[in-house]
Amino acid sequence: MLQDVLSSKGVRSTSNRILVLRALENADMPVTLADLEVMLPTLDKSSIFRVLTLFLDHDIVHSFEDGRGVENYELCHNEGECDHHDAHSHFYCVKCHRSFCLDNVDLSAIRLPDGFVAQGLSFVIKGVCKDCS
Ligand SMILES: [Zn+2]
Ligand SMILES: [Zn+2]
Ligand SMILES: [Zn+2]
């Protein structure tokens with residue numbers, strides 16, 4: 001239930017929030033604000049953005065920059081508060097402008113210098129996806 005996803009993250013359900021959450025779930029891949037505007041013709045851009053900002057604050061979504069300066073949003077699949085253990089890398093296709101999750105690329109091998117603490121991870125490979133190549 002979408003309502004349960006929101007309540008498990010400490011967020012009250014509203015119709016706008018449910019609509020945005022459903023769109024993110026149906027997309028099944030990272031989406032941009034512009035994608036969501038197309039998917040949610042009944043909501044204006046600022047309403048969608050407000051919901052996304054709230055979702056980010058509550059770890060309902062994570063965002064990353066896709067390498068052309070555009071934020072992409074995707075659902076967090078951890079319950080409750082998330083310290084971004086689900087961080088993974090992404091692939092951005094320069095032809096169809098879609099972003100893909102690369103869940104099987106192991107990022108735990110990345111070693112930071114002493115004294116550096118990671119708080120998030122944004123790692124994007126640019127190229128051409130299998131549909132476009
Ligand atoms: Zn998460
Ligand atoms: Zn492509
Ligand atoms: Zn992803």
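Both counts, for ligands and for their atoms, begin at 1 and track the order of listing.
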Please state the angle at the Zn ion (ligand 3) spanned by NE2 of H90 and SG of C101: what is it, rounded to 10 degrees? 120°

So, 2.8 Å as the limit: is an N/O/S atom of H62 located closer than that to the Zn ion (ligand 3)? no

The SG(C93)-the Zn ion (ligand 2)-SG(C132) angle, to 10°, is 110°

Any N/O/S atom from H77 (main chain or side chain) under 2.8 Å of the Zn ion (ligand 1)? no

Just checking F49: does its CZ atom have more than 12 heavy atoms from other residues, nucleotides or ligands closer to it than 6.0 angstrom? no

N/O/S atom of E74 under 2.8 Å from the Zn ion (ligand 3), yes or no? yes

Whether the E74 and H90 side chains hold a donor-acceptor pair (N or O, under 3.5 Å, no angle test) is what I'd like checked. yes

Side chains of N72 and S99: donor-acceptor distance under 3.5 Å anywhere? yes

Can you tell me if E71 and S63 form a side-chain donor-acceptor pair at under 3.5 Å? yes

D44 versus S46, side-chain donor and acceptor atoms under 3.5 Å: yes

